[in-house]
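Beneath this line is the structure, given in structure tokens, with notes to follow.
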Amino acid sequence: MNLRHTMKGRRTVTAVAIATGLLLTVAGCGGGGDGDDSAKKDSSSAPSSKTDEPDGNDDKQDTEAPSGQSVLAEVKGDNLTLKVTSATRDGGGFVTVEGTVTNNGSRSWVAADWRGDERELVNNGGSVAGASLVDQAGKKKYLILRDTQGRCLCTKFTGALVQGASADWYAQFPAPPESTTSVDFQVGSMPPATIELSEDE
């Protein structure tokens, strides 16, 4: 009797000790890993601070060009910095020019003087509709393209650009002859920006 009770008691103590050891081991391994994984998950799933602005946002057009993006030309005037980041010939016989504009002034800026004064262009609002390309060698000036309803094929700004903010823009023009490799981009009262044309890949 005593021997049987002694063996039973030893088995119980051994089982409790093994169970306790396993619990401590699992808790020790699982705790640190879960915390690290959740931290990594939180940092990797966090949305980027740079997002495209919705059309309805009038005051925060904060869409600066990526830092690694090349700049073909940069001009300053009227408390603005205009950058041209791309000027590409497309297969359809037109040129697409893209870039950014940054408001360096102390007040909000509206692209009123960038929309041009062509009466054929309608519903331009604050836009890049008044932009042009000048081929100095060929002595020709190319105005912005428009759709069948008279709207420019260009950026239409959704509102004012607040101090220090930047916005992307684009404009499309008829393509100069293949022999023309550089043109002057000009909009509003900004100085002309000489840019090299590239072929669409």
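We number each residue from 1, following the sequence as shown.
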With heavy-atom distances below 4.5 Å as the criterion, would you say the side chains of [X] and [Y] are in contact?
{"X": "V97", "Y": "V84", "answer": "yes"}
{"X": "L161", "Y": "V101", "answer": "yes"}
{"X": "V95", "Y": "T88", "answer": "no"}
{"X": "Y142", "Y": "F94", "answer": "no"}
{"X": "R146", "Y": "I144", "answer": "no"}
{"X": "T155", "Y": "W114", "answer": "no"}

Give me the atom names and distance for the closest heavy-atom approach of [X] to [Y].
{"X": "L143", "Y": "S132", "result": "CD2-CB, 4.2 Å"}
{"X": "V110", "Y": "A160", "result": "CG2-CB, 3.9 Å"}
{"X": "T102", "Y": "G164", "result": "CG2-O, 4.3 Å"}

Worksheet item: Same cluster or not: are V134 and V183 linked, directly or through other Ile, Leu, Val, Met, Phe, Trp or Tyr residues, by side-chain heavy atoms under 4.5 angstrom apart?
Response: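 Hydrophobic grouping puts V134 apart from V183.
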Worksheet item: Do Y170 and L133 share a hydrophobic cluster, counting only Ile, Leu, Val, Met, Phe, Trp and Tyr and linking them when any side-chain heavy atoms are less than 4.5 Å apart?
Response: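 No; tracing contacts between hydrophobic side chains, which count when under 4.5 Å, never links both residues.
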Expected list for residues 190-198: side-chain donor-acceptor pairs under 3.5 angstrom, two or more places apart:
unit_1	atom_1	unit_2	atom_2	d
T194	OG1	D184	OD1	2.7
S198	OG	A87	O	3.3

Worksheet item: Parallel, tilted or perpendicular: which describes the rings of F185 and W169, with under 30° parallel and over 60° perpendicular?
Response: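 Parallel: the ring planes of F185 and W169 meet at under 30°.
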[X] side chain to [Y] main-chain N or O, any donor-acceptor pair under 3.5 Å?
{"X": "K156", "Y": "C152", "result": "yes"}
{"X": "R89", "Y": "P176", "result": "yes"}
{"X": "D90", "Y": "G92", "result": "no"}

Discussion item. Within this structure, what is the CG-CZ distance for the pair L145 and F173, rounded to the nearest 0.5 Å?
Written reply: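 Answer for the CG-CZ pair, L145 versus F173, is 8.0 Å.
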Worksheet item: Distance from L82 atom CG to T100 atom OG1, nearest 0.5 Å?
Response: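 Interatomic distance, L82 CG to T100 OG1, rounded to 0.5 Å: 7.5 Å.
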Worksheet item: What do the steps show when you test E98 against D168 for side chain to side chain contact (heavy atoms under 4.5 Å, CB included), and what is the final call?
Response: CA-CA 8 Å; E98 298 176 295; D168 292 334; over 6 Å; no
Worksheet entry | Full working for side-chain hydrogen bond (donor to acceptor under 3.5 Å, both in side chains) between T96 and Q172 | CA-CA 4 Å; T96 301; Q172 291 185 322; 3.0 Å; yes
Practice prompt. Could you tell me whether the side chains of S189 and D78 share a donor-acceptor contact shorter than 3.5 Å?
Written response: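 Looking only at side-chain atoms, D78 and S189 do form a donor-acceptor pair, the distance falling under 3.5 Å.
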Item to complete: List in chain and number order the residues that pass side-chain hydrogen bond (donor to acceptor under 3.5 Å, both in side chains) with T180, two or more places apart in sequence or in another chain; answer none if no residue qualifies.
Response: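 T180: side-chain hydrogen bond (donor to acceptor under 3.5 Å, both in side chains) contacts with D135.
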